[in-house]
Amino acid sequence: MSKLVESIKEAIKLCGLKDGMTISFHHHMRNGDFVLNMVMDAIAEMGIKDLTVNASSVFDVHEPLIGHIKNGVVTGLECNYMGAKVGKAICEGILEKPVIFRTHGGRPSDMEKGTSVIDVAFIAAPTADDMGNCTGKFGPSACGSIGYAFADAMNAKKVVVITDNLVEYPLADFSIPEVYVDYVVAVDQIGDPSGIVSGTTKITRDPVGLKMASYAAKVIEASGLLKDGFSFQTGAGGATLAAAKYIKEMMLEKNIKGSYGMGGITAYMVDMLEAGCFKALLDVQCFDLDAVRSIRSNPKHMEVSATQYAGVSGKSAGVDNLDVVLLGATQVDLDFNVNVHTDSNGYIMGGSGGHSDTAAGSKLAIIIAPLTRARLPLVVDRCLCKSTPGSTIDVVVTQRGIAVNTKYGKNADLKEKLIAAKLPVCEIEDLKKMAEELAGVPKPVKLTDRVVANVIYRDGTLLDTIKAVK
Amino acid sequence: MKITANAVAGTLESSDVYVKVEPCDTLEIEIESVVYNQFADDIKASVKEVLDELGVESGRISINDKGAIDCVIQARVETAIKRAGGNK
Amino acid sequence: MRRSMLFIPGNTPNLLMNGDVLGSDAIILDLEDAVSPAEKDSARILVRNALKHLHYKGCEIIIRINPVDTEYWQKDLEEVIPLKPNLIMPPKVSCAQDVKTVSDYIAKLEEKCGFEKNTVKLIPLIETAMGVENAFQIAGADERVAAMFLGGEDLTADLRCKRTKEGNEIFYARTRLVCAARACGIDVYDTPFTDVDDLDGLYKDAQFAKSLGFTGKASISPRHVEGINEVFSPTQAEIDYAHEVMETIRIAKEQGKGVVSLRGKMIDAPIVERARQVIEMEKAMFGGVEDDE
């Protein structure tokens, strides 16, 4: 028996894909992904229309989606993150139905609860055998973890594995087992691994970024959480990575043995693992090729599914035991709500990803961002989009002051600790005032009443809507 | 001061502004900015203030703003105008 | 009271905007080496506007102008003096006359602005062999001279030797400058440590400078500021002692006592002065942070 079929089109036909169905993709190849575009082109050529695409993330490389939306092949879009190119088109109103934004934890949980039904899942697999056992750890297009694809494989009605490295059965060290897979397709190339490294994955050299990083590290130290058993997550941003470096230095100096590092994994987290700062890394996706190398060779660097990372449908998840998470923001409002979906003009250029999951789960959720970016203030009266509820954010670190969130009846002791550590603690309102004194008061942007996206919180409730830009 | 030659000042780095001035019979101010929606009026006011201070009545002033604050915009405009007025 | 002085390039808006958050006691807004000849006009206008509009809370302002043998230094002063920077740093100062030249021009500008004479102080940058040899004359050349600063990079070029991390080649210049400055009762600042990533090296270099008698140290990297501040800060024991001295003096004054002693040791004027300096340092110890209170 073999599940190998001739082509993507044949797999689509065998899956019985019809107008109006929902298909899914995962984003571990990030901006180097070829699979989503290949599949969509095949579908368009086959004349299938009115599909909903549920992709864990949409990157700029997926710009051809705009064409598929315009000619009616795609009429629904669901994701956890959306790059600026497709984001701009969505905000200009090309899609009738509002985009559904979920979180990295909410997406698999919605599939498991049955509120999000996938007819056909397409899995980009850097290595697979002809029965569908597959992994991201090996092969010319190796991307490391394929943690987001687990839920798709386990819950979709039909599952197609697409690989550019077909190996003899059985593939040892598989991530997703054959039991979930219906068809396997071999193609020339599933992606360009150099595109995995997208966004900022290098430590900043900007003095302001380093200052914020040093404050963030000191906040963590002062919080009292930096002790044996410490668990930590950081995004891939210049300043957050610099903070990770400072934390590593502190841990080594004080001989602190942490528990686990989690999330999208970068070379810096690998470095911390290898230096003995953590017992293990829980990796849902690799942000650079050093992380890919590590997950392949180091048994302490473990692949986890999105459900285990951040889900709410499992009996527990990694985020539930997280001590500290460092997060970015485009806007924070006076109630500490955070916007990571849109830029200051209202255009979509991001999404929750694991932002709100980790903020909700962690003991200490720290936002790290400059007071102003190109004259625009970080702190505003009201975020253009509420991506993460303020009640789950604990501290906002800028280069000019650190605001502790005491608005929800918590963190009074944390505030005292930071003041005792002689950190520049201030109120969130002060951060807004300082920015406006420096850069002026921005005029509010004008948005239409038309909803182009619904932002769904990890528990399935509607958190906010995104309106079309004028 | 009269704009008698073409001149530029500033850079296209974030938080800076690139200013180009050229001789012109009338006064024309062109503004391009990454924060146009939020600050177009402030930018225009900043530029005008410098023009008034230096007594510039004509010329084409092109602003390519990367989110500079007022005092930076004014410094770059002043520099460009002084360079264009033969004032080294 | 400065422990750290951080160089900020004069033509970079983003850094000028944030100069006061990087933790140094003083910032040196640089119109000299950080600015190319074609941009001298642009930088001095930008720095002038920054001084006019930004607050620079809790941070002393030093402007490094261009050397007196260039066509730029007078224009530099014309733009910045009206904004009352704390100090002007003339580079490549080689003799007392260089100081006089700059001081006289500042005096003219001060008068024009209606400032009291000697409002703006000087911190000459000594970075030539001649400057080192004339250090005592330079330190005493003018009432404006509040401190001296050693520039190791240009000096070693002038000495025709290699600048090393160990710094043996500038040992003479360091001790000579400290001695000249102290003889004239002014502060003295050490050259930056140039390996940005070597924080251990920075720490050692700063400790060595402190052991020689330097007041503080300059830095070209914000990453070095914290180490410099730490090295040049008084210890908690020194701070406690300083407070004790001041308290003893206060009580003695109340009681009308002339001669005062603390733990059997007589408190004389130099001890009081030292205690006052330590307390001033203590206030400055958290950079711009305390100023927000």
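A, B, ... follow the sequence lines: proteins, then strands. Residue 1 opens every chain.
Surrounding CG of D52(B) are more than 12 heavy atoms belonging to other residues, nucleotides or ligands, all under 6.0 Å away.
Within the 4.5 angstrom heavy-atom criterion, only backbone atoms of A68(B) (N, CA, C, O) approach chain A. Heavy atoms closer than 4.5 Å to chain A are found in both the backbone and the side chain of V34(B).
Looking at F39(B) and L376(A), their side chains come closer than 4.5 Å, going by heavy atoms from C-beta outward. Side chains of M82(A) and V99(A) form a contact here, defined as non-hydrogen atoms less than 4.5 Å apart. Taking 4.5 Å as the limit, every side-chain heavy atom of V379(A) sits out of range of all side-chain heavy atoms of L371(A).
For I428(A) against V332(A), the heavy-atom pair with the smallest separation is CD1-CG1, 4.1 Å.
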* To do: May I have the step-by-step check of side chain to side chain contact (heavy atoms under 4.5 Å, CB included) for I402(A) and V396(A), ending in yes or no?
  => CA-CA 6 Å; I402(A) 298 171; V396(A) 177; over 6 Å; no

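For P23(B), the side-chain contact (heavy atoms from CB on, under 4.5 Å) criterion is met by I3(B), N6(B), not counting sequence neighbours.
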Please tabulate, one pair per line, the donor and acceptor atoms of chain A and chain B that lie under 3.5 Å from each other, or say none if there are none.
unit_1, atom_1, unit_2, atom_2, d
N37(B), ND2, N345(A), OD1, 3.1
Q38(B), O, K443(A), N, 3.0
Q38(B), NE2, S344(A), O, 3.0
Q38(B), NE2, N345(A), OD1, 3.0
D41(B), OD2, K443(A), NZ, 2.3
A68(B), O, R375(A), NH1, 3.4
D70(B), OD1, R375(A), NH2, 3.1

